Amino acid sequence: MADSRENWTSRSGFIIAAVGSAVGLGNIWRFPYVAYENGGGAFLIPYLLALITAGLPLLFLDYAVGHRSTGSPPKAYRALFKGGETLGWWQVCVCIIIGLYYASVLTWAGSYVYFSIGQMWGSDPEGFFFNTYLQTSKAAGFDLQFVSHLFWPIVGIWALTLIILYGGVKKGVELSNKIFMPLLFVLFTILVVQSLRLPGAVQGLNAFFTPNWSAMMDYKVWLAAYGHTFFSLSVGFGIMVTYASYLKPKTNLTGSGLIVGFANASTEILAGIGIFAALGFMAHAAGTEVKDVVSGGIGLAFIAFPKIISSLGTGADLFGLLFFSSLFVAGISSMVSILEVPIAAMQDKLKWGRKKAVTIIGGGSALVSIILFSSVNAIKLVDIVDHFINNIGIIGGALISIISVAWFKRSALKELSDHINRISTIQVGKGWDFTLTVITSLILLTTLCMTVFNLIKNGYDTYSMSLQGVFGWGSVIFCAVVAIVLSKMKDR
Amino acid sequence: MNTSAIVMMVISMVFLWGGLILSILHLSKHPEELDDVLEDVKDQHTL
């Protein structure tokens, strides 16, 4: 017998969980690098405009879709337009795929909390990460060789995630976020303060904030700003739809959304300050410029930061613990939100109880993830799947969800705006309509076309076509096929 | 820090952190609907 649909304890419980989902690894390792590469201080102008004209409107749209139907994406989109259930299942599949590799990256962050004690990476963090720790395969194709020290930590990550999810919306997702978010705030604030006290920090802040105004004339900078805002807010792939479906009937959607949007962006600015202050120290210590040491993503976290930590002397252990613990805590709350989407969807579709849904969906995902990512292919698979699923899976799903209501079924958009305005203090109107119909739709369409064209023409990076075909395009095809099959199945 | 970097840092901090504070203040002035709270109490009694 299925449980009755759960709710958040309160509006603040929802807000803290939504912030926990939006604030993830990308805030810490992606934003500072994207900002620096796209004009530094000048990037902040398109970034702030993107937040107002795309990020917040999309967040409100996701909230309205989920809240109006009190359902996960398949149920919510089915109620909005014909064929909507297929789109909902596409978003569910995207979340399942992301969950598989996100667990792997979380494993690395968790392991580096331990490695940072005594700086176990020694004098060669790059060699340690790729060869000693990940034991990355040199083979061009797939090489399913087991790495024992990756196995137990990823089992631990999945166990923690599933325990939280077994707890349900109130006692699992909400409670864990009420612990993780204040903890992240404390850890990260101490980290930023420590970074700012390092010699060379000012040099780093200058590099980060000094505007390169000519960058604003480059359309790619604007696409980068909108693209980043979009990824950063966890919009367009079902998480916010699912979280909003657990809200009580008369919740102030726009008022809550503003807090989530601004809290997420505030964390990114804080991350930019902390990361660039540390990079400034690195450049200062090496006697070079910040541009010579700057990096983002996995390279920043697992190669550049260990180098910085090793240069710190007495404060190294503390700094390492703060940085990798922050990454881990930011990531685990996002991981929980990613898995909540398929679990809620199966509960809605098959009327499964929560425990059954977590065991089958969470347990099945855990099994696949553990097999694939405790092997010598871990980093290659993370990189390939992440690129394809982000740029086609998320962008494609979000684009279809927006144009379906903004271009093809305008009455649905009207219903959603009426729903928001009935219960929210900040009303949406023609401005919201315009940003969704014109700005966001066209930017996402342009980005998707450019990415697909580029991937077909040039492939991704230097990976073999077989790896890209099976794990990159394969992930996209998997989402499409499973979405179509599940949408044809009758509800129980 | 150079002047232009300081200006951009201040603008982004004021806009984002100020926006966060204002949105928290806005929501705190509009508490959750009483009937939802009553529904909760009713549910607890029913259970």
Side-chain angles (χ1 to χ4, degrees), chain A residues 4 7-15 19 35 39-45 47-49 51-52 56 201-213 247-270 272-273 276 280 423-426, chain B:
Chain A
S4 61
N7 282 124
W8 304 106
T9 306
S10 61
R11 187 173 62 187
S12 61
F14 158 72
I15 292 171
V19 172
F43 177 80
L44 297 170
I45 305 284
Y47 172 72
L48 298 178
L49 281 172
L51 175 68
I52 301 299
L56 292 172
V202 170
Q203 192 185 336
L205 293 184
N206 266 331
F208 182 60
F209 283 110
T210 301
N212 168 16
W213 296 114
L247 280 166
K248 289 168 187 169
K250 290 186 180 172
T251 302
N252 188 339
L253 295 180
T254 50
S256 306
L258 279 182
I259 295 182
V260 175
F262 278 113
N264 179 63
S266 298
T267 313
E268 295 196 310
I269 286 293
L270 194 65
I273 293 170
F276 268 83
I423 52 177
S424 304
T425 49
I426 298 162
Chain B
M1 280 177 77
N2 63 53
T3 313
S4 58
I6 291 171
V7 169
M8 290 316 295
M9 184 173 80
V10 171
I11 287 175
S12 52
M13 285 163 73
V14 167
F15 186 86
L16 294 174
W17 295 352
L20 176 62
I21 292 165
L22 286 178
S23 50
I24 291 171
L25 288 175
H26 172 80
L27 204 63
S28 64
K29 283 182 190 160
H30 298 90
E32 287 182 79
E33 289 282 340
L34 191 61
D35 49 358
D36 276 350
V37 179
L38 288 175
E39 258 178 42
D40 254 13
V41 174
K42 205 168 67 184
D43 283 350
Q44 283 167 12
H45 285 302
T46 315
L47 290 169

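These numbers were taken from a predicted model, which means no experiment stands behind them. A note on names: the letters A, B, ... follow the listed sequences, proteins ahead of strands, and every chain is numbered from 1.
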Hey, which of [options] has the most heavy atom pairs under 4.5 Å with chain B?
options: A/Thr210, A/Leu258, A/Ile259; value: A/Ile259
options: A/Arg11, A/Glu268, A/Gln203; value: A/Arg11
options: A/Leu44, A/Val202, A/Leu48, A/Ile45; value: A/Leu48

Using a 3.5 Å distance criterion without hydrogens, assess whether the side chain of [X] forms a donor-acceptor pair with backbone atoms of [Y].
X: A/Asn206; Y: B/Asn2; value: yes
X: A/Thr251; Y: A/Leu247; value: no
X: A/Asn252; Y: A/Ser424; value: no

Task: Any side-chain heavy-atom pair of B/Trp17 and A/Ile269 under 4.5 Å - done: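 They are in side-chain contact.
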Task: Validation row: A/Leu51, B/Leu16 side chains within 4.5 angstrom (heavy atoms) - done: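 When only atoms from C-beta onward are counted, B/Leu16 and A/Leu51 do touch, with a gap below 4.5 Å.
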Tell me, side chain or backbone of [X] under 4.5 Å from chain B's heavy atoms, or both, or neither?
X: A/Tyr47; value: side chain
X: A/Ile52; value: side chain
X: A/Ile423; value: neither

Open item on the list: For B/His26, which atoms come within 4.5 Å of any heavy atom of chain A: side chain, backbone, both, or neither?
Closed with: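 Interface part for B/His26: side chain.
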- [ ] May I ask you to decide if the ring planes of A/Phe208 and A/Phe276 are parallel, tilted or perpendicular, using 30° and 60° as cut-offs?
- [x]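 The arrangement is parallel - the two ring planes meet at less than 30°.
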